[in-house]
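Order of listing sets the numbers, starting from 1, for every ligand and every atom in it. By convention here, the first residue in the shown sequence is residue 1.
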Amino acid sequence: MSDIKKVNDQISIESVGDVALVCINFPPVNAAGIGVREGLSKAIETLNAEGRVKAIAIYAAGRTFVAGADITEFDKPLMQPSLPETLNTIEASRIPVICVLHGTALGGGLELALAAHGRIALEGTRIGLPEVFLGLLPGAGGTQRLPRLTGMAFALDVALSGRQVYAKEALDQGAIDRIASGDPRDVALSAAQEVVAGTLATRRTCDLDSELDQAAIDGTRAMLKKKQAHLVSPHLIVDAVEQSAGDFDAGLKFESDSFMACLDTPQRAGLIHAFFGERAVSNIAEAKGAPRDIAKIGVIGGGTMGSGIATSCLIAGYTVRLIEVAQEGLDRGMATITKNLEGAVRRSKMSAEARDAALGRLHPALGLDALADVDLVIEAVFEQMEVKKDIFGKLDTICKKGAILASNTSYLDINEIADCTARPGDVIGLHFFSPAHVMRLLEIVQGAKTDADVLATGFALAKKLKKVGVLAQVCDGFIGNRILAHYSKMASYLVLDGASPQEVDTALEEFGFAMGPHKVGDLAGLDIGWMTRKRKAGTRDPRERYAGDLADRICEQGWFGRKTGKGYYLYDDGAAVPPVPNEAVAGFIDAIRAEKGITPKTFSNQEIVDRYMTAMIVEATRVVADGTAKRPVDIDMVFLFGYGFPRFRGGPLHYADTIGAAELVSRIETYAKDDEDYWQVPDLLRKMAADGTSFADLNKEG
Ligand code: CAA
């Protein structure tokens, strides 16, 4: 006989004979919000006060065990009981408590399990401490309890990598006690009964010792100093894990103080904005319609981009037809895809069997006629409108009815391309970022006539490819490249006006970019920008200050960056680490300054960052104002997932809010004294400054 009593909306107690099953039910991910904490504390206290049962098992309903603390509460005042308080109540329970895990037990969810007196995971369960991705550290005993169960080296690895650990590894490391199969409630019942029967041992984690692993601590500190010096929480995680070797309560106190310190940092706010932003970009009506069915995808073009797109589609399980005009190009494309897939196997992104299956789904063909039966075509040939129009005109007659015709163009007008077909509703822009099988951004470009289900298919495809799809409207460069075109000029102006390319790169790397703009230019190939400048020479606004003098001069030497061994830097074997500045470039800069009568100024690192970031924010504001991007958060995600923007800064417009609209307007007006054509205050920013509003407010308006 069992009877079920609700403690509150999220927690219930089922009594079965001499055991109690406590069920957490707070969809979608059973986050440990205030209701869950209150309910759990009350359930354990009540069962202990009543003394009716001899064992308690906690499990969760729905798709997963607890996915952590409720992240939406972090910006609100703390509501008691806190998670550490609830977990201490569980650990102190006189009646033994077992946790049964399924799905993902992450962050506070894993910490809940660690505070119980035993842990069973269903097959396929993953555990982890992803707080580091949110600028936090495990704040509910994770840094103290996990090392007591597994040793410090594993605890450091899990808490610093944020990775999800499968049940088998968790068992081998001692983080859990057993793997079981079945339904969470049934496993919870039999586990509790085993505790009563004495066949499942229980113990309090806080009673165990954590042995100091000085080598792991020192090695981790040295690694962090080198790789993550600018982040706050990873360093505090190491300190807290080190503390676990001492008194348990003192360790908990240290962890709690460190957690509160992290909560107050802008890094935490930036990373949590990134967490919700990644989900918000597809939380729009355009993404929610019924998508068309896609099984076979045609990719036109076997260059780097087309091969990357094909690789991404193959990894996601699609059948791919790769199209080229000549056998040589086709062979090159096939070789690149094979190499990409090998790389995925090497990096453990896919198994060797999955690679073989993917290659079996790849069908090369010469000419467009092979695309008659595909559900989606992604064209990735070079950026020439006439070539694209010709291809789309032919696709219109070749492809079956209902097939989606997509262009990977990075700036051309999708409407002009669509209008050379008799089915503009089927045409869309799907703008991938190179390397397309690695970079997670996908700009989904809506043409004036794109059908709603075609747009929804773009978002469904992004999800299947594990990419972040962001809606963009048609304009030159869409969201990302349009903003890039504007602020990359600032990097050039800073160099012409006094900074060296290395000073600009260093300042921006210290800000958090993995590479400064000149290193990125060398890596991408300086010839790409050179060709674009030549192409646009006739359409340039004569009032605008030309930004390409230096890059042009470098390219005129045949120096295109890494691939030629020379660019802003010199490369040994094409990839010197760290690269050495190219001294000849300094000579070019002097010559250009002399020709233009520029007296060089000195820029501090902060001034470099301020000018560069303000330029980025100016164009980003215009992109929001004219509707190219739906909301500021869409721009933020474009930059985090496509342009290496430092995640802990949340994105350009989240960062803009940390400065404030009024200060930005004042900066622009100051800069405009030197160059009033480049520096103009966007109307929207001026209005925001006057109203005292922020980009976060615009996000809320939707
Ligand atoms: N708190 C609040 N909401 C959460 C949440 C959390 N911890 N985790 C997920 N959600 C929300 C998501 O925002 C999403 O909401 P919308 O549907 O409104 O967009 C919804 O739950 C579903 O999430 P996903 O779309 O991400 O679902 P998924 O199935 O793809 O992934 C998941 C599930 C693996 C649990 C993933 O959501 C995830 O990684 N969550 C975050 C886990 C985490 O970081 N936990 C640590 C929290 S901090 C902490 O615990 C501090 C501490 O020490 C006390």
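- When Pro28, Gly107, Gly108 are ranked by how near their heavy atoms come to atom 21 (O) of ligand 1, first place goes to Pro28.
- At least one protein heavy atom sits closer than 4.0 Å to atom 40 (N) of ligand 1.
- The ligand atoms of ligand 1 that sit less than 4.0 angstrom from a heavy atom of Leu83 are 54 (C).
- Those atoms of ligand 1 that come under 4.0 Å of a heavy atom in Gly68, given as number and element, are 45 (N), 50 (O).
- Proximity to Glu111 (heavy-atom distance under 4.0 Å) selects the following atoms of ligand 1: 52 (C), 53 (O), 54 (C).
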Kindly indicate, with the supporting measurements, whether the criterion side chain to side chain contact (heavy atoms under 4.5 Å, CB included) is fulfilled by Ile483 and Phe639. CA-CA 10 Å; Ile483 298 171; Phe639 276 82; 3.7 Å; yes
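- Tyr655 and Phe511 have their aromatic ring centers within a separation under 6.0 angstrom.
- Distances from atom 54 (C) of ligand 1 to the heavy atoms of Gly162, Ala69, Gly33 put Ala69 nearest.
- Ion pair Glu169/Arg163 flagged as a salt bridge, since at least one NZ, NE, NH1 or NH2 atom sits closer than 4.0 Å to an Asp/Glu carboxylate oxygen.
- Listed by number with element, the atoms of ligand 1 under 4.0 Å from a non-hydrogen atom of Pro138 are 53 (O).
- Relative to the six-membered ring of Phe645, Arg649 misses at least one condition, a distance below 6.0 Å or an angle of at most 45° to the axis.
- Ring pair Phe275/His273: centre-to-centre distance not below 6.0 Å.
- In this structure, Val97 and Ile44 have side chains that are in contact, with non-hydrogen atoms separated by less than 4.5 Å.
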Residue pair Asp70, Lys76: steps toward the salt bridge (charged side-chain N to carboxylate O under 4.0 Å, His left out) verdict: CA-CA 11 Å; Asp70 187 336; Lys76 299 175 190 158; over 6 Å; no
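- Residue contacts with ligand 1 for Phe133 are absent, since no atom lies close enough (heavy atoms, distance under 4.0 Å).
- Between the side chain of His117 and the backbone N or O of Cys99 there is no donor-acceptor pair closer than 3.5 Å.
- At the top of the distance list for atom 44 (O) of ligand 1, counting protein heavy atoms only, stands Pro130 CG, 3.5 Å.
- Of the protein's heavy atoms, none falls inside 4.0 Å of atom 30 (O) of ligand 1.
- Against a heavy-atom cut-off of under 4.0 Å, Gly139 is close to the following atoms of ligand 1: 52 (C), 53 (O).
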ring-ring contact (aromatic ring centres under 6.0 Å, His included) evaluation trace for Tyr643 with Phe513: CA-CA 9 Å; Tyr643 293 81; Phe513 284 95; 10.0 Å; no
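- Of the polar atoms of Thr72, none of the N or O atoms is found under 3.5 Å from an N or O of ligand 1, judged by distance alone.
- In this structure, the ring of Tyr59 has its center no less than 6.0 angstrom from the ring center of Phe65.
- Of the protein's heavy atoms, Arg279 NH2, 3.9 Å lies nearest to atom 37 (O) of ligand 1.
- Considering backbone and side-chain N/O atoms, Arg63 comes within less than 3.5 Å of an N/O atom of ligand 1.
- Contact analysis leaves Thr64 out of contact with ligand 1, as no non-hydrogen atom separation drops below 4.0 angstrom.
- Shortest contact from atom 51 (C) of ligand 1 to any protein heavy atom: Glu131 CG, 3.5 Å.
- In the vicinity of Phe276, heavy-atom distances shorter than 4.0 Å reach the ligand 1 atoms 13 (O).
- A salt bridge links Glu242 with Arg221; the closest basic N to acidic carboxylate O contact falls under 4.0 Å.
- Between Lys168 and Glu123 there is no salt bridge, since no side-chain N of the basic residue sits under 4.0 Å from a carboxylate O of the acidic one.
- Distance check for atom 13 (O) of ligand 1: a protein heavy atom is found below 4.0 Å.
- Residues Thr457 and Ile294 meet the side-chain proximity criterion, which asks for heavy atoms closer than 4.5 Å.
- Nearest to atom 11 (C) of ligand 1 among the protein's heavy atoms is Val29 CG2, 4.4 Å.
- Remark: ligand 1 and Ala67 share an N or O pair separated by less than 3.5 Å (distance only, no angle test).
- Proximity annotation for atom 1 (N) of ligand 1: of Ile71, Leu106, Leu137, Ile71 comes nearest, heavy atoms only.
- Taking every non-hydrogen atom of Leu134 and a distance limit under 4.0 Å, the qualifying atoms of ligand 1 come out as 44 (O), 47 (C), 48 (S).
- Atom 18 (O) of ligand 1 is not flagged as protein-proximal [any protein heavy atom, distance under 4.0 Å].
- In this structure, Glu73 has no heavy atom closer than 4.0 Å to ligand 1.
- Using a 4.0 Å cut-off between a side-chain N of Lys or Arg and a carboxylate O of Asp or Glu, Asp636 and Arg631 do not qualify as a salt bridge.
- Taking 4.0 Å as the cut-off between side-chain N and carboxylate O, Glu73 and Arg37 count as a salt-bridged pair.
- Taking only nitrogen or oxygen atoms, main chain and side chain alike, Asn283 does not reach within less than 3.5 Å of ligand 1.
- For the pair Gly142 and ligand 1, no heavy-atom separation below 4.0 Å is found.
- Less than 4.0 angstrom separates atom 27 (O) of ligand 1 from at least one non-hydrogen atom of the protein.
- The existence of a salt bridge linking Asp257 and Lys253 is confirmed by a sub-4.0 Å separation between a basic side-chain nitrogen and an acidic carboxylate oxygen.
- In the vicinity of Asp70, heavy-atom distances shorter than 4.0 Å reach the ligand 1 atoms 1 (N), 2 (C).
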